[in-house]
Novice: 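Sharing a structure with you now.
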There are 2 protein chains.
Amino acid sequence: MVDRPDLAAMMHPLVRALMAAEEPVLEAHGLTMWGYTVLLALDGNPTRTQAALAERIGADKTRIIPTLDKLEADGFIDRYPDPDDRRVHLLALTEHGGEVKDATQEAIQTGEERWLVDLSDSDREVFLRVLHELARMAERWPE
Amino acid sequence: MVDRPDLAAMMHPLVRALMAAEEPVLEAHGLTMWGYTVLLALDGNPTRTQAALAERIGADKTRIIPTLDKLEADGFIDRYPDPDDRRVHLLALTEHGGEVKDATQEAIQTGEERWLVDLSDSDREVFLRVLHELARMAERWPE
DNA sequence: TATTGTTATACTCTATAACTATA
DNA sequence: TATAGTTATAGAGTATAACAATA
């Protein structure tokens with residue numbers, strides 16, 4: 001009946017290993033995991049409210065506030081009140097923030113190649129395509 | 001330069017969604033996530049020490065003790081001192097524990113099919129094979 | 001003295017609830 | 001009165017350190 005391990009049982013340790021490998025890279029670029037997650041989310045997607053950003057990255061709206069404070073203090077993001085509704089904060093990457101995000105992502109993906117290097121071109125293509133599709137499904141399934 | 005999302009950025013939300021979907025199934029079978037993880041680890045692999053089990057599943061040795069207490073009280077595992085070294089506890093699934101583990105896994109994998117159902121046979125085969133291989137790599141990379 | 005399992009404590013992360021400022 | 005953001009508090013989960021039993 002059971003002819004494969006559980007998806008979660010395979011993916012969970014893998015994610016932990018991927019994140020453990022990311023940590024020193026993030027630290028070298030002056031970012032936390034949540035900080036990097038925010039930069040990825042804002043890249044190309046300026047966001048109108050902090051609550052929307054929090055929901056998009058699966059965080060509590062109270063949880064990201066210290067992260068946003070730090071990113072702003074470091075000059076990675078701009079955050080200013082919406083003139084049309086001064087309760088709302090508009091969020092966007094600064095040029096510097098975009099550069100740091102790019103450099104960090106480059107380093108992370110270089111590290112991740114360690115996992116993919118032994119795959120054939122076609123296995124790699126299929127795996128990444130399917131994974132991307134499942135990730136999009138998970139986004140649409142927020143609960 | 002960056003032509004794909006980060007592996008971790010794709011997998012992390014996916015794992016969270018998979019685990020969220022598991023939770024009600026586990027509860028219906030009287031198991032916690034750690035309890036189920038222990039049953040999976042013990043299945044076909046009786047283990048000589050609790051510390052070894054903890055390391056295998058990526059947990060702290062102190063963390064699994066309440067889990068083992070509960071599994072033992074529920075009759076899912078046997079735990080008794082090794083006659084050769086009475087400091088050591090031998091751990092093994094009971095018959096009942098094996099049945100519960102099988103039934104739970106069956107239900108979990110049925111739920112997981114939701115993610116895989118739209119894949120072609122060949123995409124499915126490649127994805128699961130590569131994922132399995134990466135999971136094995138992660139096991140060998142414990143830090 | 002070293003090791004296995006256990007318990008007690010402290011720490012980190014996260015969520016809940018209360019507060020402010022705008023609308 | 002309702003909503004966006006913030007702050008304060010409480011809770012869950014985890015790790016660190018001390019302890020008892022056995023070797």
Side-chain angles (χ1 to χ4, degrees), chain A residues 8 12-13 15-17 19-20 22-24 26-27 31-38 41-42 45-73 77-92 142-143, chain B residues 8 12-13 15-17 19-20 22-24 26-27 31-38 41-42 45-73 77-92 142-143:
Chain A
H12 193 219
V15 165
R16 292 215 292 200
M19 288 174 63
E22 271 190 34
E23 216 137 288
L26 292 171
E27 197 181 351
L31 287 170
T32 63
M33 188 69 72
W34 280 116
Y36 179 59
T37 303
V38 167
L42 289 181
N45 299 293
T47 300
R48 219 185 138 261
T49 75
Q50 297 183 183
L53 172 66
E55 190 185 354
R56 172 135 44 101
I57 64 178
D60 195 272
K61 67 171 181 173
T62 68
R63 202 160 74 188
I64 61 172
I65 288 171
T67 301
L68 296 177
D69 291 343
K70 180 70 161 51
L71 290 174
E72 191 181 19
I77 65 171
D78 278 330
R79 175 165 62 156
Y80 41 88
D82 183 343
D84 294 340
D85 180 345
R86 302 211 345 264
R87 293 175 303 184
V88 169
H89 285 191
L90 303 174
L91 302 167
E143 66 276 80
Chain B
H12 192 220
V15 165
R16 293 215 294 199
M19 287 174 65
E22 272 191 33
E23 217 136 286
L26 291 171
E27 198 180 351
L31 288 170
T32 63
M33 190 68 73
W34 280 116
Y36 178 60
T37 303
V38 167
L42 289 182
N45 299 293
T47 299
R48 220 186 134 262
T49 75
Q50 295 183 184
L53 172 67
E55 190 185 353
R56 172 133 46 97
I57 64 177
D60 195 273
K61 67 171 180 171
T62 67
R63 201 161 74 189
I64 61 170
I65 288 174
T67 301
L68 296 177
D69 291 344
K70 182 69 160 50
L71 291 173
E72 191 182 18
I77 63 171
D78 279 329
R79 174 164 62 156
Y80 41 88
D82 183 344
D84 295 340
D85 179 346
R86 300 206 352 259
R87 292 174 305 185
V88 169
H89 286 191
L90 302 175
L91 302 166
E143 65 274 84

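Remember, predicted model here, so these are calculated numbers, not experimental data. Here is the naming used below: chain letters follow the sequence lines, and residue numbers restart at 1 for every chain.
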Novice: Mapping W34(A) and P83(A) onto DNA chain C by nearest heavy atom, which one lands closer to the 5' end?
Specialist: W34(A)

Novice: With rounding to the nearest 0.5 Å, note down the distance linking CD in E55(A) to CD1 in I64(A).
Specialist: 11.0 Å

Novice: Can you tell me if the side-chain N/O atoms of R63(A) get under 4.0 Å from OP1 or OP2 in dA15(C)?
Specialist: yes

Novice: Walking along DNA chain D from 5' to 3', note the first and the last nucleotide with an atom under 4.0 Å from a heavy atom of chain A, and give both.
Specialist: dA2(D) to dT7(D)

Novice: Taking atom CD of E72(B) and atom OH of Y80(B), what is their separation to the nearest 0.5 Å?
Specialist: 11.0 Å

Novice: Can you list the residues that meet the side-chain contact (heavy atoms from CB on, under 4.5 Å) rule with T47(B), with sequence neighbours excluded?
Specialist: L42(B), A52(B), L53(B), R56(B)

Novice: Step by step, would you call T49(A) with R87(A) a side-chain contact (heavy atoms from CB on, under 4.5 Å)?
Specialist: CA-CA 9 Å; T49(A) 75; R87(A) 293 175 303 184; over 6 Å; no

Novice: Assess the residue pair E23(B) and M33(B) against the criterion (side-chain contact (heavy atoms from CB on, under 4.5 Å)); give the C-alpha distance rounded to whole Å, side-chain angles, the decisive distance to 0.1 Å, and a yes or no.
Specialist: CA-CA 7 Å; E23(B) 217 136 286; M33(B) 190 68 73; 4.1 Å; yes

Novice: With nearest nucleotides of DNA chain C determined for D82(A) and G58(A) from heavy-atom distances, which residue corresponds to the more 5′ nucleotide?
Specialist: G58(A)

Novice: Taking it one step at a time, do L90(B) and R48(B) satisfy side-chain contact (heavy atoms from CB on, under 4.5 Å)?
Specialist: CA-CA 5 Å; L90(B) 302 175; R48(B) 220 186 134 262; 3.5 Å; yes

Novice: Please work out if D60(B) contacts a base, only the sugar-phosphate, or nothing of the nucleic acid, heavy-atom cut-off 4.0 Å.
Specialist: base

Novice: Starting from C1' on dT4(C), measure out to CG on L53(B) and report it in whole angstrom.
Specialist: 14 Å

Novice: Atom pairs under 3.5 Å, N or O on each side, protein against nucleotides 5-10 of chain C: can you list them with distances?
Specialist:
residue: dG5(C); atom: OP1; partner: Q50(B); partner atom: N; Å: 2.9
residue: dG5(C); atom: OP1; partner: H89(B); partner atom: N; Å: 3.1
residue: dG5(C); atom: OP2; partner: Q50(B); partner atom: N; Å: 3.1
residue: dG5(C); atom: OP2; partner: A51(B); partner atom: N; Å: 3.1
residue: dT6(C); atom: OP1; partner: R79(B); partner atom: NH1; Å: 3.4
residue: dT6(C); atom: OP2; partner: Q50(B); partner atom: OE1; Å: 3.1
residue: dT6(C); atom: OP2; partner: Q50(B); partner atom: NE2; Å: 2.6
residue: dT6(C); atom: OP2; partner: R79(B); partner atom: NH1; Å: 3.3

Novice: Treating R16(B) as the side-chain partner and G58(A) as the backbone partner, does any N or O pair qualify as donor plus acceptor under 3.5 Å?
Specialist: yes

Novice: Let me confirm one number: the CG-CG distance from L71(A) to L31(A), rounded to the nearest 0.5 Å.
Specialist: 7.0 Å

